[in-house]
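Atoms within a ligand are numbered from 1 in the order they appear, just like the ligands themselves. Just so it is clear, the structure is predicted and the values come from calculations on it, not from any experiment.
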Amino acid sequence: MTTQSSFSLPLMEDNITKEDIGELISFLSQEKIPKLTNGPKVLEFEKKWSEWLGVKYSLMLNSGASANELTMLALRYLVGKGEIIVPPLTWISDVASVIFADLTPVFCDINLKNLSFDINHLKTLITERTKAIFLTHVLDLNGITDELLDICKEKNILLIEDVCESHGATFQGKKAGTIGSVSNFSFYFAHHMSTIEGGMVCTNDEKFYQICRALRSHGMVREMTDETLKQQIINENPDLNKDFIFLYPAHNHRSTELNAVIGLSQIKRLDENNQKRVQNFDYFIKNLNPEVYHTDLEIEGQCNYAFIVILKNPSMQNRDYLEQLLRSSGIEFRRGLSGGGNQMKQPYFKKYYNVDHSKFPNVNHVHDYSWYIGNYPSLDRAKIDSLLKILNTAFNG
Ligand SMILES: Cc1ncc(COP(=O)(O)O)c(C=O)c1O
């Protein structure tokens, strides 16, 4: 029988405040109804985001998954077919986007320090077919190391960063999302900031940006802002109306102005909120029992939005006991960290590819014996202490 607890720790808390809704209402209450599809507010938010991150170009989309998809498609058009090294601990769209772009995903195990690539495994996977390394910064631990950057440089391989769950994380003081050639962000409910739904592709590469501009909107050339490139394509297609040149087979990934208005309001609080999340996580991980849980994480540059709990001992009995204890204590959780654990175990992947799971011990451990629990700015110390008490005394006696 489970006992009902008065303590409650929901997995996520909506970031959208009355202040954001107020901005939306005043935007909609203008004398002349403003344009509501992708327009000046989206552009304004893109500029603000580029300033916050420190990149030249940002393109707002309707989701982080769209950011992944456009990134892989643009990459495919720029560098051709080949292999993309991906982590198995990520969101489905980081793998699906590779498959959609007719590129080949090659999986590399994770390490248990920053939950990004196991560098020794990664070295064995690089071939002349490798086009890029598509890194995921997992739950706001910075995933970049000097060794990884050296490999990219030495082998001339592009680094793409998925920062969808890591807004504000840093590597040696540089923001995650500014180190690779391209980066992706999500503004989904309860991420560090939210636009209800939304995403961003960010880069300093003009050509990449121009291709993404077209891909965002049905592959249309008129969306490009490089007039020379645009004219060249128009000249190459004299039999077409210049307003309707579809350069690539593409969908519609556009945002609305409403999402951008919320983004412009949210970004004002992002740094302040991130600071609270960082303090919460620091306190949590430093006080978590290192005998029972894997606390040896590289937390420098972290900007966490969900507490990471990894059992040291691979015991199914302990796992089931802990889950039951968390549930009865009113603590919401998700097992497997990002994307529910090992993507290679998912039916969409298993159907087409055979995997030797013995090569992936770390991700398989995380898949079975880890959880994330909500960490948000409004969380008070007393709640974190109650959570710690439950976790730290779970296996006493
Ligand atoms: C690492 C990662 N990439 C991509 C996404 C997809 O973002 P969205 O839900 O905005 O499509 C997520 C979702 O949370 C994610 O965690």
Side-chain angles (χ1 to χ4, degrees), residues 11-16 45 49 58-73 84-101 105 107-108 110 114-117 132-144 159-169 176-177 180 182-202 216 251-256 259-260 262-263 266 277 302-308 334-343 346 348-349 363 366-367 370-372 374-376:
L11 192 65
M12 297 292 168
E13 191 181 69
D14 201 338
N15 286 327
I16 293 173
F45 180 45
W49 186 258
S58 295
L59 195 74
M60 189 185 185
L61 308 163
N62 53 10
S63 71
S66 289
N68 295 152
E69 197 175 319
L70 259 61
T71 298
M72 284 301 121
L73 281 171
I84 309 294
I85 298 181
V86 291
L89 184 67
T90 188
W91 193 250
I92 176 177
S93 50
D94 291 69
V95 182
S97 60
V98 175
I99 298 170
F100 290 162
F107 281 92
C108 174
I110 58 164
N114 65 15
L115 305 178
S116 177
F117 296 112
I133 294 173
F134 193 6
L135 178 143
T136 298
H137 295 276
V138 173
L139 293 176
D140 242 315
L141 296 179
N142 156 57
I144 294 181
L159 176 67
I160 313 282
E161 295 177 76
D162 184 324
V163 202
C164 284
E165 38 190 77
S166 301
H167 319 49
V182 184
S183 59
N184 300 159
F185 288 84
S186 161
F187 304 120
Y188 178 59
F189 168 77
H191 280 229
H192 294 73
M193 59 166 273
S194 175
T195 57
I196 309 175
E197 298 278 0
M200 203 73 93
V201 172
C202 308
R216 173 171 71 175
H251 309 152
N252 172 359
H253 300 267
R254 291 186 303 253
S255 170
T256 73
N259 306 90
I262 293 180
Q266 285 258 314
R277 294 178 193 269
Q302 65 86 5
C303 191
N304 180 273
Y305 86 119
F307 297 130
I308 297 168
R334 290 271 192 279
R335 192 200 305 150
L337 305 182
S338 303
N342 186 352
Q343 286 294 321
Q346 296 292 346
Y348 79 88
F349 192 80
V363 76
V366 164
H367 185 88
S370 75
W371 301 267
Y372 72 83
N375 166 18
Y376 21 85

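Not less than 6.0 angstrom separates the ring centroid of W91 from the ring centroid of Y188.
Considering both main-chain and side-chain atoms, F187 never comes within under 3.5 Å of ligand 1 through any nitrogen or oxygen pair. At least one N or O atom of S186, backbone or side chain, sits closer than 3.5 Å to an N or O atom of ligand 1. Considering backbone and side-chain atoms together, H191 places an N or O closer than 3.5 Å to an N or O of ligand 1. Polar contact check, D162 against ligand 1: a nitrogen or oxygen pair lies under 3.5 Å apart.
Near S63, the atoms of ligand 1 lying under 4.0 angstrom from a non-hydrogen atom of the residue are 10 (O), 11 (O). Numbered from 1 in the order shown, with element, the atoms of ligand 1 that lie under 4.0 Å from a heavy atom of G64 read 6 (C), 7 (O), 8 (P), 10 (O), 11 (O). Every atom of ligand 1 is numbered from 1 in the order shown, and the set under 4.0 Å from a heavy atom of D94 is 2 (C), 3 (N), 4 (C). Every atom of ligand 1 is numbered from 1 in the order shown, and the set under 4.0 Å from a heavy atom of T136 is 1 (C). Counting atoms of ligand 1 from 1 in the listed order, those under 4.0 Å from a heavy atom of N68 are 3 (N), 4 (C). Taking every non-hydrogen atom of Y188 and a distance limit under 4.0 Å, the qualifying atoms of ligand 1 come out as 9 (O), 10 (O).
Between the Q266 side chain and the S194 main chain, a donor and an acceptor come within less than 3.5 Å of each other. At distances below 3.5 Å, not a single donor-acceptor pair connects side-chain atoms of E165 with backbone N or O atoms of S338. Side chain of R216 to main chain of M60: a donor-acceptor pair is present (N/O by atom type, distance under 3.5 Å, no hydrogens or angles). Proximity of a side-chain donor or acceptor of E161 to a complementary backbone N or O of G177 within less than 3.5 Å is detected. A donor-acceptor pair under 3.5 Å links the side-chain atoms of Q302 to the main chain of N304, judged by distance alone.
Residue R334 places its CZ atom among 12 or fewer non-hydrogen atoms of other residues, nucleotides or ligands, all under 6.0 Å distant.
Partner L139 forms a side-chain contact (heavy atoms from CB on, under 4.5 Å) with one of N375, L115, L337 and no other, that one being L337. H137 pairs in a side-chain contact (heavy atoms from CB on, under 4.5 Å) with only one of the listed residues (N114, N142, T90, D162), which is N142.
Among all protein heavy atoms, the one lying closest to atom 16 (O) of ligand 1 is E165 OE1, 2.5 Å. Residue, atom and distance of the protein heavy atom nearest to atom 11 (O) of ligand 1 are A65 N, 2.9 Å. The protein atom (non-hydrogen) at minimum distance from atom 5 (C) of ligand 1 is W91 CD1, 3.5 Å.
Contact annotation: S338 has no heavy atom less than 4.0 Å from any atom of ligand 1.
Here C164 has side-chain heavy atoms under 4.0 Å from ligand 1, and that is the only part of it that gets that close. Neither the backbone nor the side chain of N184 comes within contact range of ligand 1; no heavy atom lies under 4.0 Å. Proximity of E197 to ligand 1, defined as any heavy-atom pair under 4.0 Å, is not found for any part of the residue.
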Subject >> Derivation and outcome, side chain to side chain donor-acceptor pair (under 3.5 Å), residues T256 and N259 >> reply: CA-CA 6 Å; T256 73; N259 306 90; 2.5 Å; yes
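Looking at every heavy atom in both residues, N68 comes nearest to S93 through OD1-OG, 2.7 Å.
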